[in-house]
> 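Could you have a look at this structure, given as structure tokens, before my questions?
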Amino acid sequence: MNRVVYGLLLTLVLSAVRGQNFWPVLSSNSLIALRSQRDVLSNISIDKVPVVGVQLNDVAFRGTSNETESLGVLASLLNVGVQAYMMDIEFDKSYNLTISGSNTSFGTTLSTIKRFISSTNNYLNADILVLLLRLKQSQNASTEGTPASYPNITAILDLYLGSSAIYTPSQLMYDRSSGNVAPSYGNLNSPDWPSLNYFLYSIQKRVTVFYVDTASSDALQSPVIFNSSSLNYKTSNTSITCPLTNNAQVLDMSNLGWRFLQKDFSSDDIGEYTRCGYSPIIDKNYSPDSIKTISNVLENSLLWSWAPNEPDTSDNARSNSTSLVARRCAVVNYTKSNSSSYWTVANCYDRKRALCKRDGNDFEWAVTQDSASYFSHHDQDGNGFCPENFSLSLPQTALQEKSLDNYLSQLSPDTWEIWIDLNSVSVPDCWVPDGPYASCPYQKEVSARNFVSMITPVSVFAFVTIVMLIMLSWRRVPIQDNRKRWKRVINSRLGSKAEGVPA
Ligand SMILES: *[C@@H]1O[C@H](CO)[C@@H](O)[C@H](O)[C@H]1NC(C)=O
Ligand SMILES: *[C@@H]1O[C@H](CO)[C@@H](O)[C@H](O)[C@H]1NC(C)=O
Ligand SMILES: *[C@@H]1O[C@H](CO)[C@@H](O)[C@H](O)[C@H]1NC(C)=O
Ligand SMILES: *[C@@H]1O[C@H](CO)[C@@H](O)[C@H](O)[C@H]1NC(C)=O
Ligand SMILES: *[C@@H]1O[C@H](CO)[C@@H](O)[C@H](O)[C@H]1NC(C)=O
Ligand SMILES: *[C@@H]1O[C@H](CO)[C@@H](O)[C@H](O)[C@H]1NC(C)=O
Ligand SMILES: *[C@@H]1O[C@H](CO)[C@@H](O)[C@H](O)[C@H]1NC(C)=O
Ligand SMILES: *[C@@H]1O[C@H](CO)[C@@H](O)[C@H](O)[C@H]1NC(C)=O
Ligand SMILES: *[C@@H]1O[C@H](CO)[C@@H](O)[C@H](O)[C@H]1NC(C)=O
Ligand SMILES: *[C@@H]1O[C@H](CO)[C@@H](O)[C@H](O)[C@H]1NC(C)=O
Ligand SMILES: *[C@@H]1O[C@H](CO)[C@@H](O)[C@H](O)[C@H]1NC(C)=O
Ligand SMILES: *[C@@H]1O[C@H](CO)[C@@H](O)[C@H](O)[C@H]1NC(C)=O
């Protein structure tokens, strides 16, 4: 069998695992794009990781009293990559916790989330989930009840979600004291959180749970739920600055962690709010019939990086200078007229300028004076042709992408394609930073024995995932084996040093 067949199989398996017919076009490209976006975030602190969320009561429960339908909507949202869930919960007459405005118990809802966590507990699919809780005290409960009769929410989370998946305040204290936190450049006031990579793979956590207000944390105390003091939770009636037009505003925003904005977003404005650094919480009433329309809003927020239908590696253009084609490298494609950029795939052998970032600063960019192939840029010690104290880099968050837009808007060209430090040279569809010799993290894990322990046992998904991983590592193309030879070819044609192209 050849690689086309494997590619097809992979696509089928992926869409069978995650696809839903009425949800945003979940092409294999957008799955790969979402995964690569997650991988690019891997050393970003979890409080700065952009996620997309919903107000669950409004989106899934308000429009129907059929529990099966509501939980089906929740399962679909999880599948398409919605990662934050704001829930209003309340006591019923027997002091059981329910989703406000419905008869569905909180525990049943958590079970749906737990099923999703188990089915995605592997390197390819694991990602962080954020649960945001608010306790609405119904009049009867608050007048008749005493805190002693309140349910033990810690026990409910243990039972229905599983304590092993939950990241707790005490674990955070431990991680801060032992230095397992991501460096946060230049904002010493903002407390540190661990990186996404550490969170998902080193301690194998999947969920953080917050109360969004102090009344809830006072009423239902729990050692596994973070209080609202870590959150920056904004609603539509708080005034915010967006769009961010200069770097001072970007830096102010970057100092805040866990930034959420709950609002009735439209498909036109949600992208801009995302680039302002907010994790949107979509707050709109849907019924099971109208829920399909949420996909327009999700499409414009789930991906802040790649253009629609990217990464598209299909080979339909020939490189001019060398006639070698390897559509395995990424550019940021900037359009001046609307000051916006997105990532697309380009031929690694094309000669372009490259993007540099100041070392130790997440928001200061430069573009090289020299144009060269992707490989030639990375021959220069990882600094490429960058100015002193700058290195080849890429925007790792939506906020960094925004600061890059602001920087590029000051420079002259109308449209620009600039190399970013992201390629799939090593393994197709596995997009990694750190130059063309960086290896694919999943590939490494296939050989590492501990990988199997990460996969939920007795699960069909485990088998499916192993098959997918084997395919991923089989689907190598000549570029890897022939890279040395290709480099020789290109070097002999171009001379080992690329020519400078003045600005
Ligand atoms: C709830 O929805 C499911 C799936 O749409 C349907 O099969 C079931 O009959 C509904 N139940 C009620 C009580 O309407
Ligand atoms: C409340 O919870 C208890 C124990 O979990 C259960 O036995 C009872 O049926 C629940 N009551 C309602 C109304 O769901
Ligand atoms: C909850 O259940 C009760 C009785 O089973 C019913 O009368 C009520 O309408 C239900 N509430 C909702 C929001 O479905
Ligand atoms: C509060 O209790 C009264 C009487 O017990 C009942 O009629 C009423 O429906 C309850 N209200 C709510 C919101 O549960
Ligand atoms: C609540 O549940 C947790 C875990 O199940 C348990 O450790 C704790 O003691 C309980 N708290 C109370 C007040 O019962
Ligand atoms: C929130 O939690 C932190 C540590 O977990 C604690 O220091 C702080 O006092 C709490 N804030 C409130 C308002 O409870
Ligand atoms: C904002 O709206 C919330 C409810 O959505 C309300 O509780 C709060 O008081 C409002 N705040 C202001 C400043 O209007
Ligand atoms: C490709 O080469 C042709 C002729 O050498 C030239 O006219 C054209 O501008 C080149 N295109 C690019 C994209 O470099
Ligand atoms: C970059 O954007 C321009 C304008 O939208 C488009 O013509 C060009 O093909 C894009 N480049 C790539 C590599 O996709
Ligand atoms: C900006 O303009 C380009 C080229 O016309 C277009 O492809 C892109 O979608 C636009 N971006 C936004 C955010 O409107
Ligand atoms: C580069 O960094 C070094 C060490 O921090 C500093 O001494 C030097 O002045 C910097 N060079 C430039 C051009 O900023
Ligand atoms: C995070 O990863 C990017 C891409 O590999 C790298 O450029 C950057 O230096 C890393 N940052 C830290 C703090 O390790």
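As the structure is a computational prediction, the values presented were derived from the model and not from experiment. Order of listing sets the numbers, starting from 1, for every ligand and every atom in it.
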> Going by heavy atoms in the side chains, are L161 and L131 under 4.5 Å from each other?
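Result yes, sub-4.5 Å side-chain heavy-atom pair found.
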> When you pair each N or O of ligand 1 with protein N or O atoms, which pairs come out under 3.5 Å?
unit_1   : atom_1 : unit_2 : atom_2 : d
ligand 1 : 2 (O)  : N66    : OD1    : 3.4
ligand 1 : 2 (O)  : N66    : ND2    : 2.3
ligand 1 : 11 (N) : N66    : ND2    : 2.9
ligand 1 : 14 (O) : N66    : ND2    : 3.3

> Do N406 and F363 make a side-chain contact, defined as non-hydrogen atoms from C-beta onward lying under 4.5 Å apart?
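SC-SC contact between N406 and F363 ruled out.
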> Sequence neighbours left out, what pairs pass salt bridge (Lys or Arg N to Asp or Glu O under 4.0 Å) with at least one residue falling in residues 257-268?
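Listed by first then second residue: K263-D269.
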> Could you grab the distance from atom OG of S230 to atom CG of D47, nearest 0.5 Å is fine?
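Here the rounded value is 9.0 Å.
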> Can you list the ligand 5 atoms lying under 4.0 Å from a non-hydrogen atom of D158?
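Numbered from 1, ligand 5 contributes 4 (C), 5 (O).
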> With heavy atoms under 4.0 Å as the rule, classify the contact between S229 and ligand 6 as side chain, backbone, both or neither.
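Contact part for S229 vs ligand 6: side chain (C-beta onward).
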> What atoms of ligand 5 come closer than 4.0 angstrom to any heavy atom of A155?
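It comes down to these atoms of ligand 5: 2 (O), 5 (O).
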> Based purely on interatomic distance, does T214 place a nitrogen or oxygen under 3.5 Å from a nitrogen or oxygen of ligand 6?
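Min N/O separation from ligand 6 is not below 3.5 Å for T214.
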> Is any NZ, NE, NH1 or NH2 atom of the basic residue among K357 and D362 found under 4.0 Å from an Asp or Glu carboxylate oxygen of the other?
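Counted as a salt bridge, because a side-chain N and a carboxylate O are separated by less than 4.0 Å.
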> Parallel, tilted or perpendicular: which one describes the rings of W343 and W306, with boundaries at 30° and 60°?
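Aromatic pair W343/W306 classed perpendicular.
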> Once disulfide bond (SG atoms under 2.5 Å apart) is applied, what residue pairs with a partner in residues 192-268 remain, sequence neighbours excluded?
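Matches after skipping sequence neighbours: C242-C276.
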> Side chain or backbone, does N152 bring an N or O within less than 3.5 Å of an N or O on ligand 5?
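Yes, there is a polar N/O contact under 3.5 Å.
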> Just jot down the side-chain contact (heavy atoms from CB on, under 4.5 Å) partners of D289, sequence neighbours excluded, or say none.
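For D289 the side-chain contact (heavy atoms from CB on, under 4.5 Å) partners, ignoring immediate neighbours, are S287.
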